[in-house]
A.B. asks: 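Input: one structure, supplied below.
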Number of protein chains: 2
Amino acid sequence: MVNGRTPSVKDVARSAGVSLGTVSNVMNRPEVVSPSTRERVERAMAELGFVRNESARQLRAGTSRTLAYVMLDGSNPFFHDVAQGIELAAEEADLSLFICNSNGRADREEVHLDRLMQQRVQGILITPVNPEAPHLAEISRRGIPVVIVDRVGVGGAFCSVAVDDVLGGRIAVEHLAEQGHTRVAVVGGPESIGQVRERLEGARQIWAELGLPPDDLIYLPTAALTVAEGRSAGERLAGIPARRRPTAAFCANDLLALGLLQQTIGAGLRVPEELAIVGFDDIEFAAAAAVPLTSVRQPRQELGRAAAQLVLDEATNPDHHHHQQPLFVPELVARASTVVRSRAY
Amino acid sequence: MVNGRTPSVKDVARSAGVSLGTVSNVMNRPEVVSPSTRERVERAMAELGFVRNESARQLRAGTSRTLAYVMLDGSNPFFHDVAQGIELAAEEADLSLFICNSNGRADREEVHLDRLMQQRVQGILITPVNPEAPHLAEISRRGIPVVIVDRVGVGGAFCSVAVDDVLGGRIAVEHLAEQGHTRVAVVGGPESIGQVRERLEGARQIWAELGLPPDDLIYLPTAALTVAEGRSAGERLAGIPARRRPTAAFCANDLLALGLLQQTIGAGLRVPEELAIVGFDDIEFAAAAAVPLTSVRQPRQELGRAAAQLVLDEATNPDHHHHQQPLFVPELVARASTVVRSRAY
DNA sequence: TTGTAAGCGTTATCAC
DNA sequence: GTGATAACGCTTACAA
């Protein structure tokens, strides 16, 4: 603290009896300054409590040290796990991570993106409300690397990291069919969400391939991917006459599945004996449910980590030209909500 | 885009045929520039795709437009709800929010705080690993407002926003006593976490006041506040001989309670008939459990919002001198995990 | 109402 | 190995 002001390189230089450039060298290329002066400078820094001003650094250097992730739904732990993976990768690259949450609203998303551009972040990771929204392309055109997370960018306009959602829907329903179910509900919505669309599509595909009658795959649409909507779907399910009622349900995500599970058990039905349930994402709370939930596992942290690596490559590697769109393979984790005897978590 | 470079105020000025200062005025004090020039400038900005450089702004203006929150545990939804409350308040003040996660590790916390100081954030909200750590006081001394969230700052050194944890422990155990329980387990740890210490202390206080024998309040320590530790506590509980076994448990947070609930139901016991369970925090997943969980509710978003207001007050109000430490009153939300008939969510 | 110019704290390019 | 010095893009007096 120098005279009420927070100390600058200039103050450090004066206090250490060296020039301003030397102080900068100590911070940015320590190998170029002699050990003795370096030590003197470092002591001065410590004494004055010098903290480098990142704005000035960034302005001069023209390069920021932060990445950003714009989440789609902050109340879904899935996205926090993704964020955690990004954070790990960012940490390794010695970068800070800005986490924002659009809460599924396009206008909030735009506000956040706007701010991030002003901050000149080094790259933006985003699970977008709509991957085709023009502002995303616009940002990319400005030279800020954009990577779509948990969704495939359209037309190869961006790098993206995602899981094969269609395949995910297939293995979920295939698993139910293997358990002998011949009337299955698919629960999810709104279909404006791409992930939902594809998971449901996968379910329908495999159902047809298995030669099962289309009418026995019953679609229960929901207004959102939330626990509450899962409960409401459960009530609708209960309203179906017993001989037409599905014996199993595939939910487009774990939040829905948890809600459905709660409603079902609360109504006195046994899971999986009277209703088997499969979720999607495999968040931690899926395994922690009273009846541990079978779920289609996404490699949550890995998704984030891979996305961060892609964005860094695009930011720093001059011959990053063709956008990459790796698709991870989802994996079914069978637990007690579909398998009668197993108590495995 | 000018010449491959991202356009600056200078470019806008030239393109609009005005001076650089006028462009700045359009952004910062539009009322001072005539409508016609303003419109001309705005058109030029749009045409060039001008985006203000926040680093430069911050460097010159000496004031940053971001707040930061350092969470204690990113895998606990409670903290995300707090963060959401902060974000709402930040949004209203037109500020960005940096979210970091120390994951309970002091070293990660320091790294984050260091970065935040370099960014010259306007204020730091933190649920610290240890509120007495010297680096917190150090930051505060430098003039960056620090507000402790979900914990009371020691010795009035900081503003803080928290819930009365002792009271929370009291109402939880009082509720169990009212339901007729006379042997109760308290589950939680490590005691190095202040919140845990106080919640357990409240439980012991009321137990003594009710005149119940100390030996009938059985402490089951845990190594962390996680679902897995809750399960493990459940196993230990099951190992207690039936006539000594508690008929109810108070868990220091909902994650533990959820784990305990799962283990208990998985072992074939009925909740609440054979074991009643109370959690703490009232995260969304508490209400969503198969047997909806009774919990001590913290006003999660409100906590964040209040903390943000405090930090802003400290940052902008010159006569913010005495640190405020509002204590919110926790509230018991009774659900099916303790109350036999109720199916209320 | 508009224009001019002096920095903000840092980095990087040169001479020394 | 070290020390001046010119930017970086913006805000804000102050002058016109």
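Letters go in sequence order (proteins before strands), and every chain restarts at 1. Side chains included, hydrogens not; waters and symmetry mates left out as well; all remaining heavy atoms used.
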A.B. asks: Taking only heavy atoms on the protein side, list every residue of residues 29-38 of chain A lying under 4.0 Å from any atom of DNA chain D, sorted numerically.
C.D. replies: A:Val32, A:Val33, A:Ser34, A:Thr37
A.B. asks: Strictly below 4.0 Å: does A:Ser8 bring a side-chain N or O up to OP1 or OP2 of C:dG9?
C.D. replies: no
A.B. asks: Could you tell me whether the phosphate oxygens of C:dG3, OP1 or OP2, come under 4.0 Å of any side-chain nitrogen or oxygen in B:Thr22?
C.D. replies: yes
A.B. asks: Can you check the B:Leu48 CG to D:dG9 C1' distance for me, whole Å?
C.D. replies: 15 Å
A.B. asks: Looking only at N and O atoms, is any donor in the side chain of A:Arg60 or the base of C:dT10 less than 3.5 Å from an acceptor on the other one?
C.D. replies: no
A.B. asks: Using a heavy-atom cut-off of under 4.0 Å over every strand shown, decide if B:Val23 touches base, sugar-phosphate, or nothing.
C.D. replies: nothing
A.B. asks: In whole angstroms, how far is the P atom of C:dC8 from the CD atom of B:Glu54?
C.D. replies: 19 Å
A.B. asks: Is it true that A:Tyr69 and A:Phe98 have ring centroids separated by less than 6.0 Å?
C.D. replies: no
A.B. asks: Using the side-chain hydrogen bond (donor to acceptor under 3.5 Å, both in side chains) rule, take B:Ser96 and A:Arg115 through it: C-alpha gap first, then chi angles, then the decisive distance, then the call.
C.D. replies: CA-CA 8 Å; B:Ser96 299; A:Arg115 273 207 224 296; 3.0 Å; yes
A.B. asks: In whole Å, what is the span from the CD atom of B:Glu39 to the P atom of C:dT2?
C.D. replies: 13 Å
A.B. asks: Base, sugar-phosphate or nothing for B:Gly21? Non-hydrogen atoms, less than 4.0 Å.
C.D. replies: base
A.B. asks: Per the side-chain contact (heavy atoms from CB on, under 4.5 Å) rule, which among B:Leu88, B:Val82, B:Ile86 passes with B:Gln84?
C.D. replies: B:Leu88
A.B. asks: Please determine whether a side-chain nitrogen of the Lys or Arg among A:Arg105 and A:Glu109 lies less than 4.0 Å from a carboxylate oxygen of the Asp or Glu.
C.D. replies: no
A.B. asks: Would you mind reading off the distance between B:Asn53 atom CG and C:dG9 atom P, rounded to a whole angstrom?
C.D. replies: 17 Å
A.B. asks: Please report, rounded to the nearest Å, how far the P atom of D:dC10 is from the NZ atom of B:Lys10.
C.D. replies: 10 Å
A.B. asks: Between B:Gln119 (CD) and C:dC8 (C1'), how many Å, whole number?
C.D. replies: 17 Å
A.B. asks: Taking for each residue the nucleotide of DNA chain C bearing the nearest heavy atom, is the 5' side occupied by B:Gly17 or by A:Val9?
C.D. replies: B:Gly17
A.B. asks: A quick test of your reading: do over 12 heavy atoms of other residues, nucleotides or ligands sit less than 6.0 Å from CD of A:Glu138?
C.D. replies: yes
A.B. asks: Rounded to whole Å, how long is the line connecting atom CG of B:Leu20 with atom C1' of C:dA5?
C.D. replies: 10 Å
A.B. asks: Is B:Arg120 close enough to C:dC8 that one of its side-chain N or O atoms is under 4.0 Å from OP1 or OP2 there?
C.D. replies: no
A.B. asks: Would you kindly say whether A:Glu87 and B:Asn101 are connected by a side-chain donor-acceptor distance under 3.5 Å?
C.D. replies: no
A.B. asks: Just N and O in the side chain of B:Asn28: are any of them under 4.0 Å from OP1 or OP2 of D:dT11?
C.D. replies: yes
A.B. asks: Measure from the side-chain N and O atoms of B:Asn28 to the backbone N and O of B:Ser24, and report whether any donor-acceptor pair falls under 3.5 Å.
C.D. replies: yes
A.B. asks: What's the CZ-C1' distance between B:Arg57 and D:dC8, to the nearest Å?
C.D. replies: 16 Å
A.B. asks: Please determine, for the side chain of B:Ser19, which listed nucleotide (D:dG3, D:dC8, C:dG3) has the closest atom?
C.D. replies: C:dG3
